[in-house]
Number of protein chains: 2
Amino acid sequence: MNKNEYLKLDNQICFALYVCSKEIIKKYRPLLEPLNLTYTSYIAMLSLWEKDGVTVKELGDTLFLDSGTLTPLLKKLEISGYISRKRDAKDERNLRIFLTKKGQELKERSEKIPSNLLCSIYNGDYCDNSEMIKLRDTLHNLMRRFLSSEGSSKT
Amino acid sequence: MNKNEYLKLDNQICFALYVCSKEIIKKYRPLLEPLNLTYTSYIAMLSLWEKDGVTVKELGDTLFLDSGTLTPLLKKLEISGYISRKRDAKDERNLRIFLTKKGQELKERSEKIPSNLLCSIYNGDYCDNSEMIKLRDTLHNLMRRFLSSEGSSKT
DNA sequence: TTGATTAAAATTGTATACAATTTGATTGCA
DNA sequence: TGCAATCAAATTGTATACAATTTTAATCAA
């Protein structure tokens, strides 16, 4: 591949990631709207359903988001009644996020979303599951790399 | 995989795409800043270096972006002196985007960016090229799917 | 020819993202 | 103890994204 080829849009892995990510997020919209969730608040809820009582920092480490994004997002989730935000009595710097009863119940109402989303992408077509697993593994390898490089860059 | 597993963050392909896309875009920042480009204006320039004189709509179809994103972006690229925006005399609804001399020259100054970016992700580590090619092909298959479903959804 | 329809950009409003800074709390050390 | 360094959230400012609407131009049909 010569110098010129590298600048072609079709050879940009990041562009392909960026487009696929955005287009799939668009497809979530009609599924999430009835639950009063955006994509970002949905992944926050996914994380909290696995483990709540975490700090904003811990949630941010899981979601690869910072407080500038999470603070307003979590305030909205609190207004929606899905979570509560409480300062940690032991260390008042930490804000801990807890699911409310309504937030816990939302999990059951969300169970169909992953399969409905796959339908909206593949609508009935054949989808090679092994290819999806390979894709996921490749992306998870990349994600691990981002985690480790965050630390190493601040020598 | 039972019902519960589907809601786990680790099984969300979209989340992995979303994180990888964002983290790579962050790594572009220091490479693009000296050229006075953001990631979005960079991909716009990549597209224009392959073909300019296109309309905003055509550029948007290539980049999967709409006029709401492109209009302000292109105005900034015009202010930077990289492009010019001219109404099509044949059809005044169309706005055509042309590279200026400065915009064409920027291509040479950008040639090192793709390899520098790979370095910033893999810094010296082994990177399996065949895995990257597989990743790209999987994502391109997905992108084709988004293109065709855009039309089919508006029966 | 003209009014309805369609089409392309631009605009408006809302929701992210994130760098950089600020605020407030804690820790560690002199 | 007391104060500098550190840490977690929050805030500020800028740049996207995109749905929905508006504006302006072109086309089509009666």
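Naming: A, B, ... by sequence-line order, numbering from 1 per chain.
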Practice task
Check the side chains of A/Lys86 and A/Ser84 for a donor-acceptor pair under 3.5 angstrom, ignoring hydrogens and angles.
Solution key: yes
Exercise for the section: With a 4.0 Å heavy-atom cut-off, tell me which residues in residues 71-86 of chain B come close to DNA chain C, sorted by residue number. Expected result: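 Of all residues in residues 71-86 of chain B, the ones placing a heavy atom under 4.0 Å from DNA chain C are B/Thr71, B/Lys75, B/Arg85.
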Practice task
Name every residue in residues 35-60 of chain A that has at least one heavy atom under 4.0 Å from any atom of DNA chain C, in order of residue number, or write none if there are no such residues.
Solution key: A/Thr38, A/Thr40
Exercise for the section: Could you check whether B/Asp66 gets within reach of a base, just the sugar-phosphate, or nothing at all, counting any heavy atom under 4.0 Å? Expected result: base
Measure the distance from [atom1] on [X] to [atom2] on [N] and round it to the nearest whole Å.
X: B/Leu70; N: C/dA8; atom1: CG; atom2: C1'; answer: 12 Å
X: B/Phe15; N: C/dA17; atom1: CZ; atom2: C1'; answer: 14 Å
X: A/Leu95; N: D/dT11; atom1: CG; atom2: P; answer: 11 Å
X: B/Leu65; N: D/dA19; atom1: CG; atom2: P; answer: 11 Å
X: A/Arg96; N: D/dC7; atom1: CZ; atom2: C1'; answer: 14 Å
X: A/Glu92; N: C/dT27; atom1: CD; atom2: C1'; answer: 16 Å
X: A/Lys22; N: D/dA15; atom1: NZ; atom2: C1'; answer: 14 Å
X: B/Ile25; N: D/dT14; atom1: CD1; atom2: P; answer: 21 Å

Practice task
Could you tell me whether A/Lys26 sits above the aromatic face of A/Tyr28, with NZ or CZ closer than 6.0 angstrom to the six-membered ring centre and within 45 degrees of the axis?
Solution key: no
So, OP1 or OP2 of [N]: does either fall under 4.0 Å of a side-chain N or O from [X]?
X: B/Asn94; N: C/dA9; value: yes
X: B/Tyr18; N: C/dT16; value: no
X: A/Arg87; N: C/dT26; value: no
X: B/Arg29; N: C/dA17; value: no

Practice task
Taking only the side-chain heavy atoms of B/Lys26 (C-beta and beyond), determine which of C/dA7, C/dC18, D/dA19 contains the nearest atom.
Solution key: C/dC18
Completion exercise
Here the gap from B/Thr55 atom OG1 to B/Arg87 atom CZ, rounded to the nearest 0.5 Å, amounts to 10.5 Å
Practice task
Enter the distance from A/Leu135:CG to A/Ser130:OG here, rounded to the nearest 0.5 Å.
Solution key: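 With rounding to 0.5 Å, CG (A/Leu135) is 11.0 Å from OG (A/Ser130).
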Presence of salt bridge, [Y] and [X], under 4.0 angstrom:
X: B/Lys8; Y: B/Glu5; answer: yes
X: B/Arg93; Y: B/Asp91; answer: yes
X: A/Glu131; Y: B/Lys134; answer: yes

Practice task
Take atom NZ of A/Lys107 as the centre, draw a 6.0 Å sphere, and report whether it contains more than 12 heavy atoms from other residues, nucleotides or ligands.
Solution key: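 Atom NZ in A/Lys107 is crowded, with more than 12 foreign heavy atoms closer than 6.0 Å.
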Practice task
Tell me whether the centres of the aromatic rings in A/Tyr18 and B/Tyr39 are closer together than 6.0 Å.
Solution key: yes
Practice task
Confirm from the modelled atom types if B/Ser67 and C/dA8 form a donor-acceptor pair under 3.5 Å, side chain to base only.
Solution key: no
Exercise for the section: State, yes or no, whether a side-chain contact exists between B/Leu106 and B/Leu99 at a heavy-atom distance under 4.5 Å. Expected result: no
Handout entry: Contact nearer the 5' end of DNA chain C, comparing A/Gly68 with A/Asp88
Key =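 Its nearest nucleotide being more 5', the pick is A/Gly68.
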